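One structure is given here, and the rest of the page talks about it.
As a basis for the values below, the full set of heavy atoms in this structure was taken, side chains included, without hydrogen atoms, waters or symmetry mates. Keep in mind that what you see is a predicted model, and the values were worked out from it rather than measured.
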Amino acid sequence: MVTVKGGSRPPWVGLGASVWMQIAAGNAYNFPLYSHSLKSVLGFNQRQLTMLGVANDIGENVGILPGLICNKFPPWVLLLIGAFACLFGYGVLWLAISRTVLGLPYWLLWVALCIATNSNAWFGTAVLVTNMRNFPLSRGTVAGILKGYGGLSTAVYTEIYSILLKSSSSNLLLFLALGIPTLCLMMMYFVRPCTPASGDDTSENFHFLFIQTSSILLGVYILTTTVLDDVLSLSSPVSYSFLVIMVLLLMAPLAIPVKMTFYPSSRRKPATHIQFVGPANTSGQDNGNTDKTEPLLTPSSSSANLGSFHESDSMSEVDMLIAEGEGAIKKKRRPRRGEDFSFAEAMIKADFWLLFLVYFVGVGSGVTVLNNLAQIGIAQYMHDTKILLSLFSFCNFVGRLGGGVVSEYFVRSKAIPRTIWMTITQVIMIITYLLFASALNGTLYAATALLGICYGVQFSIMVPTASELFGLKNFGMIFNFMSLGNPLGAYLFSGLLAGFLYDNEATKQHAVSCLGPNCFRLTFLVLAGLCGVGTILSIVLTLRIKPVYQMLYAGGSFRLPQSSNH
C-alpha cells in the first residue's frame with residue numbers, strides 16, 4: 001500500500017497506465033477482425049464460428065478467479081497472469097491460422113480462445129478495483145473513463161490492423177500474442193493502490209475533464225482516419241503518421257502527472273486520509289480486526305438520511321448497541337445497502353439479482369450483434385465491414401464515457417439512481433433491434449451506432465452501481481460475477497439462437513454465406529422482446545434503490561452509511 005497525499009502523482013500515474021491496460025483488455029473485441037479467416041482457412045460453418053464467439057465472450061467475462069484473489073495479491077500479479085494468458089492463447093490461434101501447425105482440433109482452438117480473452121478479466125479486474133479505490137469519490141467518472149477506453153480499444157486495434165498489419169489476420173494474432181504481454185510488462189509497475197485523501201482536490205475535476213476531452217479527441221480521430229483510409233488510397237507515410245498521432249493521443253492522460261511534477265499546486269490541502277477499503281493483510285489470512293475497518297468516508301451526520309435508507313429493522317441502532325453490550329444479542333447484523341457486503345451476503349439480496357438480470361439482457365443482446373457484425377454486414381451486401389466495427393467501437397466508447405459522466409452529474413445533483421440510464425438505453429435498444437430487423441436501406445449504420453452507445457452505457461452504469469450498493473471491499477468478486485451476464489447472453493442468444501437461425505437460412509439458399517434480411521431478422525425480433533423485459537426489470541430496480549441513492553448522495557456529495565461489524 002502506498003500512502004499519498006490528496007492530489008499527489010501516483011494515483012494519476014496509475015490511471016494513465018491503466019488507460020493503456022484497458023486498451024490491452026479490449027483484445028476480445030478483435031474477434032470480428034479474424035473470424036472470417038477462422039471460417040475460410042479452417043473451414044468452419046457459422047454455428048462453429050458463433051460457438052467460438054461464445055468462447056471469446058466466456059474468456060473475456062469469467063473473472064471469478066481474479067475477483068477472488070484481487071484482495072490477496074497486488075495488481076501486478078493479476079496483470080502478469082493476464083499477459084501469460086495472451087501469450088499462450090493467441091499463440092495457439094496464430095499457429096492454426098498461419099498454418100504453422102496443421103490439424104489442430106476444434107476443441108483446442110476453443111479452449112485457447114477462452115484463455116486468450118480471459119486476459120481481459122485479469123487486466124480489467126486489476127485496473128478497475130485499484131482505480132475505484134484510489135478515486136472513491138468519483139466512481140462513476142473513473143468507471144466511465146476506463147470502460148470508455150476499453151470500448152475504444154476496438155477502433156485502436158482496427159487502425160493497427162489496417163495500417164501496421166496490412167489487414168492480415170495472422171499478423172494480428174501474432175501482434176496480440178507478443179505485443180500485449182510486452183505492454184503489460186511495461187505498465188504493471190505503475191498500476192498500484194494508494195490511500196486516497198478525504199479532502200476534495202480542487203484540480204481533480206479539471207484533470208478528469210482533460211482525460212475525458214483527450215479520449216473524445218482520440219475517438220473522433222480514429223473514426224475519421226479509419227474512414228479516410230477506407231475511402232482514399234493513402235500513401236504509407238501518411239498512414240504511418242496517422243498511427244503515430246494515435247499513439248500520442250493515447251499518452252495524453254500521462255500529461256497530468258507530468259504537469260503535477262513540473263507545476264505543483266501551491267494550494268495544498270491538509271493530508272487527511274480515508275482508509276483503503278479491502279483487506280489490509282495481503283497474505284490472505286484474516287485477523288480479528290478485519291470486520292472493524294473504519295468507514296471509507298466520514299459518515300453522514302444526518303440520522304434522517306440513514307433512516308430512509310435502512311431496511312425494516314425492528315430496533316434502533318442505539319437499542320441494538322445496548323443489547324449487544326448487555327450480551328442479549330450475539331449475532332452481528334447483516335450489512336445494509338451501501339455498506340461493505342461479502343459476496344455471499346450480496347447474493348441473497350434481490351437488488352443483486354435484478355442488477356444482474358438487467359445487465360445480462362443489455363450486454364447479452366448487444367454482444368450477439370457484435371459477434372455477428374461481420375456476417376450482418378455481409379448479409380446486407382457490405383463487402384468491407386471494418387467501418388461498421390470502427391463505428392460500433394466509437395459509439396461504444398461514447399456510451400461508456402457518457403454513461404459515467406451523465407450518471408455522475410445527475411446522481412450528485414438530484415440523487416437519481418444510475419440505473420435509470422440502463423432503463424432509457426434498453427428502450428432505445430428495442431427500437432434499434434427493430435431497425436436491424438427491417439433491413440431498410442441506410443439504417444445499418446444508424447442502428448449500429450445506436451446499439452454501440454446503448455451497449456456502452458450498460459457497462460459504465462453497472463460498475464459504479466455495484467460498488468455503491470455493495471461496497472468496495474469485495475467489489476472485485478461482485479463486479480466479475482455481474483460480468484458473467486455477457487458470456488451467458490452470448491451463449492444463449494448468439495451461439496444457440498443467431499448461429500442456428502443463420503445456418504438454417506444459409507441451407508435454404510444452398511450457400512455457405514447467408515444473404516438477405518432473413519438471415520438475422522428473427523434473431524433481432526427476439527432480442528427486441530428481451531430488452532422489453534429488461535426495461536421492466538430496470539424500472540423495478542430503480543424504484544427499489546432510490547432511497548439508497550438519496551442517502552448516499554444527500555447534499556450533493558458522496559457519503560457512506562455508518563459501518564457496522566457484520
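- The shortest distance between side-chain heavy atoms of Ser119 and Asn27 falls below 4.5 Å.
- Taking both residues in full, the closest heavy atoms of Asn56 and Ala28 are given as ND2-O, 3.1 Å, listed atom of the first, atom of the second, then distance.
- Taking the side chain as every heavy atom from C-beta outward, Phe459 and Val463 never approach each other to under 4.5 Å.
- Heavy atoms only, all atoms of each residue included: Phe481 and Phe356 are closest at O-CE1, 3.6 Å.
- Remark: Ser214 pairs with no residue by the side chain to side chain donor-acceptor pair (under 3.5 Å) rule, at least two apart or across chains.
- The shortest non-hydrogen separation linking Cys454 to Ile428 is SG-CG2, 3.6 Å.
- Inter-residue side-chain proximity for Tyr549 and Ile416 is flagged as unmet; no heavy-atom pair is nearer than 4.5 Å.
- Under the ring-ring contact (aromatic ring centres under 6.0 Å, His included) criterion, Tyr491 pairs with no residue, sequence neighbours left out.
- At a threshold of 4.5 Å between non-hydrogen side-chain atoms, the residues Val361 and Val533 do not count as touching.
- No donor-acceptor pair closer than 3.5 Å links the side chain of Asn71 to the backbone N or O of Asn474.
- By the 6.0 Å contact criterion, NZ on Lys259 is enclosed, its count of non-hydrogen atoms from other residues, nucleotides or ligands being greater than 12.
- Atom CE of Met251 is surrounded by 12 or fewer heavy atoms from other residues, nucleotides or ligands within 6.0 Å.
- Two residues are said to be in side-chain contact when any heavy atoms from C-beta on lie closer than 4.5 Å; Val142 and Phe208 meet this criterion.
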CA sep, side-chain torsions, deciding dist, call: Leu218, Tyr149, side chain to side chain contact (heavy atoms under 4.5 Å, CB included):
CA-CA 10 Å; Leu218 174 64; Tyr149 273 100; 3.8 Å; yes
Would you check, one step at a time, whether the test side chain to side chain contact (heavy atoms under 4.5 Å, CB included) holds for Leu434 with Phe524?
CA-CA 7 Å; Leu434 294 177; Phe524 290 133; over 6 Å; no
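- Ser365 and Tyr433 share a side-chain donor-acceptor pair at under 3.5 Å.
- Atom CG of Leu65 and atom CE of Met477 lie 9.0 Å apart (nearest 0.5 Å).
- The two residues Ala17 and Val191 come nearest to each other via the heavy atoms CB-CG2, 4.0 Å.
- Of the possible polar contacts, none joining the Asn120 side chain to the Glu60 backbone as a donor-acceptor pair under 3.5 Å is found.
- Between the CZ atom in Arg412 and the OG atom in Ser407 there is a gap of 10.0 Å [rounded to 0.5 Å].
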Would Ile211 and Leu15 satisfy side chain to side chain contact (heavy atoms under 4.5 Å, CB included), going step by step from the backbone distance to the final call?
CA-CA 10 Å; Ile211 295 177; Leu15 184 60; 3.6 Å; yes
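- Note that CG of Asn131 and CE of Met21 are 12.0 Å apart. Values are rounded to the nearest 0.5 Å.
- Remark: Phe392 pairs with Tyr455 by the ring-ring contact (aromatic ring centres under 6.0 Å, His included) rule, at least two apart or across chains.
- Of all heavy-atom pairs spanning Ser18 and Gly14, the tightest one is OG-O, 2.7 Å.
- Here the closest heavy-atom approach between residue Glu408 and residue Arg418 is recorded as OE1-NH2, 2.9 Å.
- Although no hydrogens or angles enter the test, the distance criterion places a donor-acceptor pair under 3.5 Å between the side chain of Ser460 and the main chain of Arg400.
- Gln458 places a side-chain heavy atom less than 4.5 Å from the side chain of Thr425.
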Given side chain to side chain contact (heavy atoms under 4.5 Å, CB included), test Leu79 with Met187 step by step and report yes or no.
CA-CA 9 Å; Leu79 296 177; Met187 294 294 167; over 6 Å; no
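- The environment of Trp353 atom CH2 is dense: over 12 non-hydrogen atoms of other residues, nucleotides or ligands sit within 6.0 angstrom.
- Side-chain contact between Gln426 and Ser538: absent, with no pair of heavy atoms (C-beta onward) separated by less than 4.5 Å.
- Under the 6.0 Å cut-off for aromatic ring centres, Phe352 and Phe341 do not qualify, their centroids lying 6.0 Å or more apart.
- Aromatic pair Phe135/Trp12: centroids less than 6.0 angstrom apart.
- For the atom pair CG (Asn396) and OG1 (Thr448), the distance works out to 12.0 Å, reported to the nearest 0.5 Å.
- Although no hydrogens or angles enter the test, the distance criterion places a donor-acceptor pair under 3.5 Å between the side chain of Asn480 and the main chain of Gly476.
- Side chains of Gln212 and Leu401 form a contact here, defined as non-hydrogen atoms less than 4.5 Å apart.
- The distance from the CG atom of Leu355 to the CE atom of Met422 is 6.0 Å, given to the nearest 0.5 Å.
- Between Phe360 and Phe493, the angle of the ring planes lies from 30° to 60°, which puts this pair in the tilted group.
- Interatomic distance, OG1 of Thr465 versus CD1 of Ile545, reported as 6.0 Å (0.5 Å rounding).
- Asp351 contributes no side-chain N or O that, together with a main-chain N or O of Leu541, makes up a donor-acceptor pair within less than 3.5 Å.
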